[in-house]
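Structure first, then comments.
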Amino acid sequence: MPAKKKYLVTPALPYANGPLHLGHAVEYVLCDVFVRYLRSAGHDVVFVCADDQHGTPVELSAAKQGMSPEAFVAGIWEQHRADFRDLGISLDTFHSTNSPENKHYSELIYSRLKEAGDILRRPVRQTYCEVDRRFLPDRFVRGTCPNCKSPDQYGDACEVCGKTYRPDELISPRCALCGTPPVTRESEHLFFALSRHQAWLQDLVRSRRFLHPAVANQLQAFFDQGLQDWDISRDAPYFGCPIPGEKDKFFYVWLDAPIGYISATEKWAQDTGRARSAMDLWAEESDTEIHHVIGKDIVYFHALFWPTVLKVARFKRPVQLHVHGHLTLNGEKMSKARGTMINIRTALEAFDPTYLRYFFAANLGPGPEDFDLSLPEFRARVNGELVNNFGNLANRTLSLLTGPLGGKLAPAPGEAGKSLVEAALARIPEVVSAYEALDFRAVVRTIVEVSQSANQFLQARAPWAKVKAEPEVARADLSDVSDVVALLATFLAPIVPSVTEKLFVQLGTPPLTFADLGAGRALLPRARALGTPAPLLPRLEEAQVNRLVPPEELARLAAASGKPAPAAPSPGAATAADAAAEEIDIETFARVDLRVGQVLGAARVPKADKLLKLTVDLGEGSPRTIVAGIAEAYGPEALVGRKVVVVANLKPRALRGIESRGMLLAAGTGGASLKLVDPGDLPPGSPVK
């Protein structure tokens, strides 16, 4: 296990301009899983966040609702706090940037930048409304995009084509407040001299410890063209922190927003007494490692401006920026305009957040890749891996032990299960390494593999058939599987803590931690009585998933994007296939042998877009290879661990040079519409009648 350290971990500050959506949830879950792992490993961790409450969009939104900015952001803060709580985000402090602490540290940092000679004054020409008598920041100017000619766009970027520009480049610009055309006036602004620090900053960005290479490569263009000094001031009126010594000038929101990390730490120190002040963690000589978890859309501010400001102001700099990609929905960018920007609260009202936490972790690697929330895959994967594979393994093992075997574990490991437990324990180092690297995708992959091995062991040993004739043999096998279940619960605890907390109660032992694993603690104390088994998590139903975005809305969006949507036959209507089907008698149908199978492995077939090669356990001792034309509906990762219905007595046939021994049952019109028939929780090999 890694040596014990002190950590300060932060996600990006959510902007206090509206509800949090599922794209935000990716980051907060990512951050929370990392923090929970660090705590489990015995590290000293402080986990803080705050609402980013200043700036023009907040000012505009408050005005539209007839509220003061202060009252508006206070309401949003309450909403965000509730979302964090219900999503299971284990923050130590959730603060705000419109606070005395943030004002104090903003002024302190500014004074040090000024002392260092890195604050410059320059005239800036900008839009001005003669009716409202104010300079207009970007969001206070609306007009037609100069690139795609879309009307009613903001003065900094087009929401339709994504093009960025200056407000004076808009076609027919107008004041967002009163609608009159603005004029151009000159105003003196304050700049941070970023250009003076290019060489130092480029070395930092190239450091693999600080930034993922793919992200560093994207930033290289800024260095190639030469870093530009950064305008850190805005003219009054502006909702933000006044700049000391200046008249009618405020700090630009992107200066005081990251300082919110420091002010949130100060709030934590005041409330808990675990530090004298934020400077115990943020001083240059501090032994605390600072980690920021952010989306790739705000790397520019966090990787260029923020570390340089901290260096000049003599504050501790983050050792690492963990940058994640964006979440798409069924292959499309999430969009408020298209109705696919799903709020976190919508998901929380539809189902247990455990499902989202698991699915996000299963897709999050250490790099900035985007990943897709395919709604069918989401449901199939959490049901197949978390509910069926892991949940059923735990439930049927403990049910047998606490039922016919009296709730007692075997006093020592059995001969048959020894290799199973040892193989599972051997996976600890790779899980630890994956958590340290924020490669949660690899963690989940290992959990699924170990869980599959334990399920295969149970299937081969069939302890349910031995509880009467050979009860101690059954007890030994089930006790060894229980050890593996406890280990898997430790692996899973940072991802789905509410599930693993229940499981450890059923196991009759305090939760195991990664620190316990590093110290070599026994997985389960064999003399301890087990608790009462119960299902850990119900299956995620299609109706629950449909509450995120109704199927008819997804079909409409697919049609609007030009993508074909699967057509469903009208109720009771006979299809051409129905009309042409030859009738068979009951004796012919009775010859079809339908069996429950469990998918052990899945991979795409090269040069065959519709085919997957599956390894399926039918309870026969050795698994079968089945080639199935379901790749348009299911990715390989969504199938591993899933129970399926197999035509087991189909003659072998060769597909793309692969011998296929069986066929899966599915419903639908073909392609992406196919839905595999779900046999429920029956073990592999069970007949389907």
Side-chain angles (χ1 to χ4, degrees), residues 374-389 392 448-449 451-452 455-456 459 539-542 545 566 568-569 575 577-578 581-582 584 588-689:
S374 161
L375 297 184
E377 182 183 343
F378 166 47
R379 179 170 171 258
R381 189 157 190 188
V382 296
N383 284 341
E385 295 177 4
L386 184 61
V387 180
N388 288 350
N389 199 0
N392 287 347
V448 170
E449 290 171 358
S451 184
Q452 287 172 348
N455 274 307
Q456 290 166 15
Q459 194 63 34
R539 291 174 58 79
L540 180 60
E541 299 300 334
E542 187 173 13
V545 175
T575 64
D578 294 329
E582 179 185 352
I584 60 173
T588 302
F589 177 74
R591 300 207 315 264
V592 179
D593 183 14
L594 299 178
R595 298 275 171 178
V596 174
Q598 184 167 30
V599 181
L600 305 180
R604 297 189 183 277
V605 176
K607 299 181 181 179
D609 294 341
K610 298 181 180 181
L611 299 182
L612 293 178
K613 177 184 176 183
L614 308 177
T615 303
V616 182
D617 175 15
L618 286 176
E620 300 169 320
S622 58
R624 295 192 189 190
T625 297
I626 297 176
V627 178
I630 57 173
E632 293 175 284
Y634 296 92
E637 62 281 355
L639 293 171
V640 176
R642 184 188 177 101
K643 298 283 183 65
V644 292
V645 177
V646 178
V647 180
N649 61 339
L650 193 69
K651 289 182 179 179
R653 54 182 181 151
L655 293 170
R656 292 281 178 173
I658 304 168
E659 185 181 66
S660 178
R661 298 179 56 235
M663 179 181 290
L664 307 189
L665 293 194
T669 56
S673 76
L674 288 175
K675 304 288 184 185
L676 287 168
V677 174
D678 185 352
D681 300 334
L682 295 169
S686 299
V688 177
K689 297 296 185 182

Are the side chains of [X] and [Y] in touch, meaning some heavy atoms are under 4.5 Å apart?
{"X": "I630", "Y": "L639", "result": "yes"}
{"X": "L664", "Y": "L614", "result": "yes"}
{"X": "V644", "Y": "V677", "result": "no"}
{"X": "R595", "Y": "S686", "result": "no"}
{"X": "M663", "Y": "V646", "result": "no"}

Counting distance only, does the side-chain N/O of [X] pair as donor-acceptor with the main-chain N or O of [Y] below 3.5 Å?
{"X": "N649", "Y": "D593", "result": "yes"}
{"X": "Y634", "Y": "L612", "result": "no"}
{"X": "D617", "Y": "Q598", "result": "no"}
{"X": "K643", "Y": "V596", "result": "no"}
{"X": "Q459", "Y": "P684", "result": "yes"}
{"X": "R642", "Y": "V599", "result": "no"}

Taking all heavy atoms of [X] and all of [Y], pick out the closest pair and write down the distance.
{"X": "G597", "Y": "V616", "answer": "CA-CG1, 3.9 Å"}
{"X": "R604", "Y": "P636", "answer": "NH2-CD, 3.7 Å"}
{"X": "A648", "Y": "L618", "answer": "CB-CD1, 4.4 Å"}
{"X": "I626", "Y": "G662", "answer": "CG2-O, 3.5 Å"}

**OP:** Using the test salt bridge (Lys or Arg N to Asp or Glu O under 4.0 Å), find all partners of R661 that sit at least two apart in sequence or belong to another chain.
**Re:**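 With sequence neighbours excluded, R661 shows a salt bridge (Lys or Arg N to Asp or Glu O under 4.0 Å) to no residue whatsoever.
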Subject >> With R624 via side-chain hydrogen bond (donor to acceptor under 3.5 Å, both in side chains) - residues at least two apart >> reply: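 Here the qualifying residues are E620.
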Return the [atom1] to [atom2] distance between [X] and [Y], rounded to the nearest 0.5 Å.
{"X": "N388", "Y": "L682", "atom1": "CG", "atom2": "CG", "value": "10.5 Å"}
{"X": "Q456", "Y": "S451", "atom1": "CD", "atom2": "OG", "value": "10.0 Å"}
{"X": "N392", "Y": "L386", "atom1": "CG", "atom2": "CG", "value": "10.0 Å"}

Under the side-chain contact (heavy atoms from CB on, under 4.5 Å) rule, collect the residues that match up with [X], sequence neighbours excluded.
{"X": "I658", "value": "V605, K613, T625, V627"}
{"X": "P606", "value": "none"}
{"X": "V448", "value": "Y358, E385, N389, V444, Q452, V640"}
{"X": "K610", "value": "E632"}

Subject >> Stepwise side-chain contact (heavy atoms from CB on, under 4.5 Å) check, V387 with L540 >> reply: CA-CA 9 Å; V387 180; L540 180 60; over 6 Å; no
